Q: 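To start, I am sharing the structure in question, which I have written as structure tokens.
This structure is a prediction, so every number in the text was calculated from the model and none was measured.
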Amino acid sequence: QVQLVESGGGLVQPGGSLRLSCAASGSIVSINGMGWYRQAPGKERELVATISRGGSTNYADSVKGRFTISRDNAKNTVYLQGNSLKPEDTAVYYCNAQIAIGTTKALTWEDYWGRGTQVTVSS
């Protein structure tokens with residue numbers, strides 16, 4: 001079984017910072033892309049940022065210049081550093097990863113999601 005567990009959410013004042021972590025565990029052979037998505041009340045889930053295994057990154061326009069995604073392949077962990085947070089960043093943040101399970105001769109790639117962590121930006 002594979003699990004993604006997020007941590008680091010909470011209440012932050014506007015202009016503040018937050019660092020989210022997501023650790024993947026279980027019978028993992030390899031991890032390809034990893035990313036963060038968010039869902040605000042009454043809205044659809046949206047992409048925040050993604051990072052490839054090699055470190056190439058992609059950001060939503062709304063967070064460019066304020067958020068930084070990074071990963072530690074040895075720890076199967078992805079991070080999201082958010083600075084200059086705004087009330088509109090309030091949402092449940094979800095971790096996503098494309099993970100290979102099985103054996104090296106019979107790999108199966110699957111898409112996994114964490115349960116989410118609440119980020120609230122408010123004074």
Q: Are V12 and V63 grouped together when hydrophobic residues (ILVMFWY) are joined by side-chain heavy atoms under 4.5 angstrom apart?
A: yes

Q: In this structure, would V2 and M34 fall into the same cluster of hydrophobic residues linked by side-chain contacts under 4.5 Å?
A: yes

Q: Say you draw a straight line from CD1 of I99 to CD1 of I28; how long is it, rounded to the nearest 0.5 Å?
A: 4.5 Å

Q: Considering only residues two or more places apart or on different chains, which pairs with a residue in residues 39-80 satisfy ring pair (Phe, Tyr, Trp, His ring centres under 6.0 Å)?
A: none

Q: Does any pair with a residue in residues 82-107 pass ring pair (Phe, Tyr, Trp, His ring centres under 6.0 Å), and if so which ones, sequence neighbours excluded?
A: none

Q: Within this structure, what is the OG-CD1 distance for the pair S56 and I51, rounded to the nearest 0.5 Å?
A: 8.0 Å

Q: Y112: which residues meet the side chain to side chain donor-acceptor pair (under 3.5 Å) condition with it, sequence neighbours left out?
A: E110

Q: Suppose we screen for side chain to side chain contact (heavy atoms under 4.5 Å, CB included). Which residues come up paired with S27, at least two apart in sequence or across chains?
A: none

Q: What residues, two or more places apart in sequence or in another chain, satisfy ring-ring contact (aromatic ring centres under 6.0 Å, His included) together with Y37?
A: W113

Q: Any pair with a residue in residues 45-77 that passes disulfide (SG to SG under 2.5 Å), sequence neighbours left out, goes on the list, sorted by first then second residue, please.
A: none

Q: Pairs of donor and acceptor atoms involving the side chains of residues 3-11, under 3.5 Å and at least two apart or interchain, shall be tabulated with distances.
A:
| unit_1 | atom_1 | unit_2 | atom_2 | d |
| --- | --- | --- | --- | --- |
| E6 | OE1 | R115 | N | 3.2 |
| E6 | OE1 | G116 | N | 2.9 |
| E6 | OE2 | C95 | N | 2.9 |
| E6 | OE2 | G116 | N | 3.1 |

Q: If you group Ile, Leu, Val, Met, Phe, Trp and Tyr by side-chain heavy-atom gaps below 4.5 Å, do I101 and V78 land in one group?
A: yes

Q: Tell me every residue that passes side chain to side chain donor-acceptor pair (under 3.5 Å) with T120, counting only those two or more places apart in sequence or in another chain.
A: Q118

Q: Could you note down all residue pairs passing salt bridge (charged side-chain N to carboxylate O under 4.0 Å, His left out) where residues 51-63 supplies at least one of them, sequence neighbours left out?
A: D61-K64

Q: Answer whether the closest heavy-atom distance between the side chains of N73 and I31 falls below 4.5 Å.
A: no

Q: Measure across V29 and L107 and return the closest heavy-atom pair with its distance rounded to 0.1 Å.
A: CG1-CD2, 3.5 Å

Q: Which atoms form the tightest heavy-atom contact between A49 and L80, and what is the distance?
A: CB-CD1, 4.3 Å

Q: Could you pull out all donor-acceptor pairs under 3.5 Å where a side-chain atom in residues 13-24 meets a protein atom, sequence neighbours excluded?
A:
| unit_1 | atom_1 | unit_2 | atom_2 | d |
| --- | --- | --- | --- | --- |
| S17 | OG | N83 | OD1 | 2.9 |

Q: By the salt bridge (charged side-chain N to carboxylate O under 4.0 Å, His left out) test, which pairs, at least two apart or in different chains, include something from residues 29-48?
A: R38-E46, R38-D89

